[in-house]
Amino acid sequence: MIRHVVGDLYQIGESSVGEGGWHEAVRIYVLLNDGCPLIFDAGSHVHRGQIMAELHTLLGDTAPGYVFLTHTELPHTGNLSAILTAWPSAKLVVSSAILPYCELPWWVKEEQIMYGYAGTNAVYGGRAISFLDGILKDQPGTHWMYDAQTGTLFTADAFGYMLPTNSETLFDDEHADGIPTDWLKRYHASAFRFLPQCDGNKVNADIAKVFAKRNVNVIAPTHGNAIRHNVAQGVARFNQAIMEIC
Amino acid sequence: MELKIYGDTVSRVGVRQITPQIYWISHCLGECAVEVNGGFAADFAKLNPILDPEASDIIYNSFLFMDEKTLLVDTLSPGQHDTVLEALSDILGDRKLDYCWISHTELPHAGNIAAIQRAHPGLEIMTVANHDHYEVHGLADATLLNYGDVIDLGEHKIEIIKPLFVDHALTQWFYEHNTGFLCPVDWALNVHRADQCFRFMDEMEEVGYSVEQFMHEVSTTSRVVFPWIRWADPDATGEAVDKFFEQYDVKIFAPSHTNVIRKDLDKYTAALSQAMRMAIVGNFDLVF
Ligand SMILES: [Fe+2]
Ligand SMILES: [Fe+2]
Ligand SMILES: [Fe+2]
């Protein structure tokens, strides 16, 4: 389902239903960027039909300029072949920490790949995107990205949350009181199995450094809907979830 | 050294025998490592000056058990999609591949699963239970294994065990009881030079490698492979490693990205415990 988040940022993609009817979202974010759209993650192969229909509706005749990958595991890259087949001129922007021949599908051409370096900015179709390390991640070569124009932080797997059926596509401001801690906790406990070995205060202190450094108006997790209204509340609920898991 | 090589550069795969029934199928780049990975491992040497800046090559391992039943451990990475099939069919001869166990679902480990399944119809894929949403990981039809489950291959009894260190949620380790073969997946990643490819750890010692170097490498690479350990407790972690090796009598230490260790295990396991303590208190060099 196509949902407008803020400014020129859109969210698409489906979710898969698991135990107890909890949905795990697999989102793709799109910055329309005035004629040179930027796509963040490629979605799952399981949702290929819906994703491609949504992308065509959203982009119309405009080809995306760049596809940014937060990391390379299948739920984030499974639909890459469909996107690059539909728009072969799109460049793929990946973390400089990955080895493409081992971590991307074998048919991706080297000429198509560009690297994002943590701690740097680069301009894509006139839009500055900055890169930082993935602070909470499940795959070493994961990076986070930030779009200063909309204030969006793309956090890959972190800040994901499980969704009950009736809330599958809702943003934080569309719930009575934001995203419940329990939904964040369910997701993080399942996705980051190392957390019980960690000191939650240290995790939260590292996350706080990211938010202290930039003005975040929107958190865009792959496995949840954008947190676009009350970022401070979203972070506070995340912190609470982490303390309960660790 | 008995070694059979398939392909070259990004597709290169070497096959060696660990025991009469266990094969080590591995990829590394060799001479072209720096050109292809940009001196990736030299970056580690920047973080820790004790490391060898010339050692830029990283190993990707797969293992094949040839018992009454045959079992493949992981699939190598997309770059080896042809050569891994070639190596497999050479070793298997006219036997079929019964099982493929996926340690975790990242592409360097599971990336060739569809191709191997096509080449070996009837193959049973096995992976970690206690999760959800397998279809988005391409494992909708996999047999799910819990800790304590045993895959009985005949002489080899493979027990699924809880990992000490995980990155991906869908990760498990295994221990084979008769040979003492432990597969600890991404743990203990080390690096090597172009003149050190396809060697067992005891053969690495013959070309200038040492247990001290191993300890320093693992202390550094663990910060990259398991970035979360900066939030863990060094003593508790070191003790967990010691306890693990008391519990499992490991005789063959066979991770996914490390030279297979088949001799002097005690010396290497002691180094691992120390390396993990060092990793946690070291510099992670992160960009927030
Ligand atoms: Fe992930
Ligand atoms: Fe994910
Ligand atoms: Fe790995």
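Residue numbers begin at 1 in each chain, while the letters A, B, ... track the order of the sequences.
- F288(B) carries K209(A) over the face of its six-membered ring, with the cationic atom under 6.0 Å from the centre and within 45° of the normal.
- Interface remark: D285(B) contributes backbone atoms only to the contact with chain A (heavy atom separation under 4.5 Å).
- Heavy atoms of E24(A) lying under 4.5 Å from chain B belong to its backbone as well as its side chain.
- There is a side-chain donor-acceptor pair under 3.5 Å between E73(A) and H168(B).
- Side-chain contact, N112(B) with H81(B): no donor N or O sits under 3.5 Å from an acceptor N or O.
- Interface remark: P108(B) contributes backbone and side-chain atoms alike to the contact with chain A (heavy atom separation under 4.5 Å).
- Residue A205(A) does not touch chain B at all, counting heavy-atom pairs closer than 4.5 Å.
- Between D206(A) and K202(A) there is no salt bridge, since no side-chain N of the basic residue sits under 4.0 Å from a carboxylate O of the acidic one.
- Of the two parts of F226(B), neither the backbone nor the side chain holds a non-hydrogen atom closer than 4.5 Å to a non-hydrogen atom of chain A.
- When the candidates L74(A), D133(A), I207(A), D157(A) are compared by the number of heavy-atom contacts under 4.5 Å with chain B, D133(A) comes out ahead.
- Residue contact with chain B, scored on non-hydrogen atoms closer than 4.5 Å, involves the side chain of V26(A) exclusively.
- Residue L136(A) touches chain B through both its backbone and its side chain, counting heavy-atom pairs closer than 4.5 Å.
- In terms of heavy-atom pairs under 4.5 Å with chain B, the best-connected choice from Q139(A), K213(A), K137(A) is Q139(A).
- Residue W107(A): no heavy atom, backbone or side chain, is found under 4.5 Å from chain B.
- Interface residue A191(A): only backbone heavy atoms are found under 4.5 Å from chain B.
- N204(A) has its side chain within reach of F238(A): a pair of non-hydrogen atoms, C-beta onward, lies under 4.5 Å apart.
- Using modelled atom types and a 3.5 Å distance limit, the side chains of Q197(A) and W228(B) yield no donor-acceptor pair.
- The part of L164(B) that comes within reach of chain A is its backbone (N, CA, C, O), which places non-hydrogen atoms under 4.5 angstrom from that chain.
- The candidate with the highest count of non-hydrogen atom pairs below 4.5 Å against chain B, out of N201(A), L104(A), V108(A), is L104(A).
- Under the 3.5 Å distance criterion, with hydrogens and angles disregarded, a donor-acceptor pair is assigned to the side chains of H76(A) and H223(A).
- The most heavy-atom pairs under 4.5 Å with chain B, out of S44(A), P75(A), A118(A), come from P75(A).
- Annotation: maximal heavy-atom pairing with chain B below 4.5 Å, among P140(A), G43(A), C102(A), C198(A), occurs at C102(A).
- In this structure, the side chains of V203(A) and F192(A) stay at 4.5 Å or more apart for every pair of heavy atoms.
- H143(A) does not touch chain B: none of its heavy atoms, backbone or side chain, sits under 4.5 Å away.
- For the pair F245(B) and L272(B), the minimum side-chain heavy-atom distance is below 4.5 Å.
- In this structure, chain A has no heavy atom under 4.5 Å from any part of H104(B).
- For a residue to count as touching a neighbouring chain, one of its non-hydrogen atoms must lie under 4.5 Å from one of that chain's; by this rule I135(A) touches chain B with backbone and side chain alike.
- Side-chain N/O atoms of Q240(A) and T181(A) include no donor and acceptor closer than 3.5 Å.
- Under the 3.5 Å distance criterion, with hydrogens and angles disregarded, a donor-acceptor pair is assigned to the side chains of S77(B) and Q80(B).
- In this structure, chain B has a heavy atom under 4.5 Å from the backbone of V17(A), while its side chain stays farther away.
- Using modelled atom types, one side-chain atom of Q11(A) and one backbone atom of A226(A) make a donor-acceptor pair closer than 3.5 Å.
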